[in-house]
Peer 1: 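So that we are looking at the same thing, I have put the structure below in structure tokens.
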Amino acid sequence: MAVDAFRIFQLATQGFCCSQIMVIFGLDEQGKENPDLIKAMHGMCGGIGRSGRTCGVLTGGVCLIGLTLGKGTPSEAGHLKIHLIVNDFLEWFENTYGSLDCDGILGHPLDVGNEYPVQCGKIITMAYGKVQEILAANSEDPESDDEA
């Protein structure tokens, strides 16, 4: 699923932040709704608590990877390489944007109102695409042996 710029705009005008928008897109992709998860992601807004630190697009992307590949019940194993997969995304993000922090990416503190710059929508679009690419490349069952 490609990210729709208008949908980002709609969600942002409804008061959702980058981390929440990333997870909303991921849940939509899976045909799910989870308002409690979206609420939990609110704490990641604006670089964790609007501090300007770790970017919400990054934390949202990491949570999407976990939502798809992580352990959620005692009987689940989760993907054997989840930590490496998350670190691949983290590395890509830092190499692409030059920082992991909102302030560093935007070049200024996030202290002007509650609006999110247009730049954030572009970051969501690219990062969501990268998460989908990573998930597609790692969607195989970690327990299976494809060389049989």
Side-chain angles (χ1 to χ4, degrees), residues 1-106 110 112-144:
M1 171 180 104
V3 172
D4 178 352
F6 182 70
R7 179 85 168 118
I8 293 172
F9 174 76
Q10 280 182 316
L11 292 167
T13 58
Q14 292 171 0
F16 293 105
C17 70
C18 297
S19 56
Q20 292 173 303
I21 293 169
M22 287 287 287
V23 171
I24 288 169
F25 277 122
L27 287 168
D28 287 351
E29 178 86 10
Q30 295 179 14
K32 297 178 181 177
E33 289 186 15
N34 190 333
D36 288 334
L37 176 58
I38 301 305
K39 276 187 198 181
M41 295 308 299
H42 198 181
M44 301 295 158
C45 293
I48 302 179
R50 200 141 179 90
S51 67
R53 294 186 180 149
T54 307
C55 175
V57 177
L58 174 62
T59 57
V62 168
C63 288
L64 278 182
I65 293 168
L67 182 65
T68 306
L69 302 177
K71 178 180 178 68
T73 66
S75 62
E76 283 181 303
H79 197 289
L80 293 174
K81 297 182 180 177
I82 189 166
H83 301 297
L84 296 173
I85 294 166
V86 166
N87 280 297
D88 284 346
F89 178 62
L90 182 86
E91 189 174 303
W92 171 85
F93 194 92
E94 187 168 31
N95 289 337
T96 302
Y97 299 107
S99 179
L100 301 176
D101 294 342
C102 287
D103 290 354
I105 294 166
L106 298 175
L110 275 174
V112 185
N114 284 323
E115 69 272 358
Y116 289 86
V118 171
Q119 185 177 359
C120 295
K122 293 176 184 175
I123 295 168
I124 290 170
T125 300
M126 286 193 58
Y128 186 79
K130 184 63 177 179
V131 167
Q132 294 301 13
E133 178 185 311
I134 287 169
L135 291 174
N138 292 284
S139 64
E140 79 284 349
D141 182 350
E143 300 294 336
S144 71

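For reference, positions follow the sequence shown, starting with 1.
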Peer 1: So how far is it from Thr125 OG1 to Asp4 CG, rounded to the nearest 0.5 Å?
Peer 2: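 The CG atom of Asp4 is 9.0 Å from OG1 of Thr125, to the nearest 0.5 Å.
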Peer 1: What's the spacing between Ser51 OG and Asp103 CG if we round to 0.5 Å?
Peer 2: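 One gets 7.5 Å once the value is rounded to the nearest 0.5 Å.
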Peer 1: Quick check on side-chain contact (heavy atoms from CB on, under 4.5 Å): which of Val86, Ile85, Ile134, Leu80 does Leu69 satisfy it with?
Peer 2: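 The passing option is Ile85.
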Peer 1: Take His79 and Thr68, measure what side chain to side chain contact (heavy atoms under 4.5 Å, CB included) needs, and give me the verdict at the end.
Peer 2: CA-CA 9 Å; His79 197 289; Thr68 306; over 6 Å; no
Peer 1: Would you mind reporting whether Phe93 and Cys55 have side-chain heavy atoms less than 4.5 Å apart?
Peer 2: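 Touching, per the 4.5 Å side-chain cut-off.
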Peer 1: Could you tell me the separation between the CZ atom of Arg53 and the SG atom of Cys102, rounded to the nearest 0.5 Å?
Peer 2: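 Going from CZ on Arg53 over to SG on Cys102, the span is 11.5 Å.
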Peer 1: Enumerate the side-chain hydrogen bond (donor to acceptor under 3.5 Å, both in side chains) contacts for residues 33-47, please, sequence neighbours excluded, ordered by first and then second residue.
Peer 2: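 Not a single pair qualifies under side-chain hydrogen bond (donor to acceptor under 3.5 Å, both in side chains).
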Peer 1: Would you please test Cys17 and Cys45 for disulfide bond (SG atoms under 2.5 Å apart) and show each step?
Peer 2: CA-CA 6 Å; Cys17 70; Cys45 293; 1.9 Å; yes
Peer 1: Decide yes or no on side chain to side chain contact (heavy atoms under 4.5 Å, CB included) for Glu29 and Leu64, but give the supporting numbers first.
Peer 2: CA-CA 11 Å; Glu29 178 86 10; Leu64 278 182; over 6 Å; no
Peer 1: Are any non-hydrogen side-chain atoms of Asn138 and Ile65 less than 4.5 angstrom apart?
Peer 2: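 In short, these two side chains do not touch, never coming nearer than 4.5 Å.
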Peer 1: Measure from the side-chain N and O atoms of Lys32 to the backbone N and O of Leu27, and report whether any donor-acceptor pair falls under 3.5 Å.
Peer 2: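 It does not hold such a pair.
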Peer 1: Under 4.5 Å between any side-chain heavy atoms of Met126 and Val57, yes or no?
Peer 2: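 Answer no - side chains too far apart.
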Peer 1: Side chains of Leu67 and Leu37: does their closest heavy-atom pair fall under 4.5 Å?
Peer 2: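 The answer is yes, as the side chains (C-beta and beyond) meet within the 4.5 Å cut-off.
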Peer 1: Does the side chain of Lys130 reach to within under 4.5 Å of the side chain of Thr96, using non-hydrogen atoms?
Peer 2: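 No, too far: nothing below the 4.5 Å cut-off.
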Peer 1: Considering all heavy atoms of both residues, which atom of Met44 and which atom of Ser19 are nearest to each other, and what is their separation?
Peer 2: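 Looking at all heavy atoms of both residues, the shortest contact is CB-OG, 3.5 Å.
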Peer 1: To check you understand the geometry: which heavy-atom pair defines the closest contact between Gly56 and Thr59, and what is its length?
Peer 2: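 Shortest heavy-atom contact: O-OG1, 3.1 Å.
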Peer 1: Would you give the length of the straight line joining atom CG of Leu11 to atom CD1 of Ile124, rounded to the nearest 0.5 angstrom?
Peer 2: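 With rounding to 0.5 Å, CG (Leu11) is 8.5 Å from CD1 (Ile124).
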Peer 1: Could you give the distance from CD1 (Ile82) to CG (Asn87), rounded to the nearest 0.5 Å?
Peer 2: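 Here the interatomic distance stands at 11.0 Å.
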Peer 1: When rounded to the nearest 0.5 angstrom, what distance separates CE in Met22 from CD1 in Ile38?
Peer 2: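 Spacing of CE (Met22) from CD1 (Ile38) equals 11.5 Å.
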Peer 1: Are the side chains of Leu106 and Cys120 in contact, using a 4.5 Å heavy-atom criterion?
Peer 2: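 Yes; the side chains approach each other to less than 4.5 Å.
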Peer 1: Can you check whether Thr73's main-chain N or O pairs, donor with acceptor, with Lys71's side chain at less than 3.5 Å?
Peer 2: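 Yes, Lys71 side chain to Thr73 backbone: donor-acceptor pair under 3.5 Å.
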Peer 1: Between Glu94 and Leu100, which heavy-atom pair has the shortest distance, and what is it?
Peer 2: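 That would be CB-CD2, 3.6 Å.
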Peer 1: Going by heavy atoms in the side chains, are Tyr128 and Ile21 under 4.5 Å from each other?
Peer 2: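 Side-chain contact under 4.5 Å: no.
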Peer 1: Can you confirm whether more than 12 heavy atoms, excluding those of Lys122, are under 6.0 Å from its NZ atom?
Peer 2: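 Atom NZ in Lys122 is not packed in, count stays at 12 or less.
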Peer 1: Anything under 30° is parallel, anything over 60° is perpendicular, the rest tilted; go ahead and classify Trp92 against Phe89.
Peer 2: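 It falls in the parallel class, under 30°.
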Peer 1: Determine whether Ile24 and Met41 make a side-chain contact, defined as any pair of heavy atoms from C-beta on separated by less than 4.5 Å.
Peer 2: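 With C-beta onward as the side chain, the pair stays apart.
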Peer 1: Measure from the side-chain N and O atoms of Gln20 to the backbone N and O of Phe16, and report whether any donor-acceptor pair falls under 3.5 Å.
Peer 2: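 Such a contact is absent between Gln20 side chain and Phe16 backbone.
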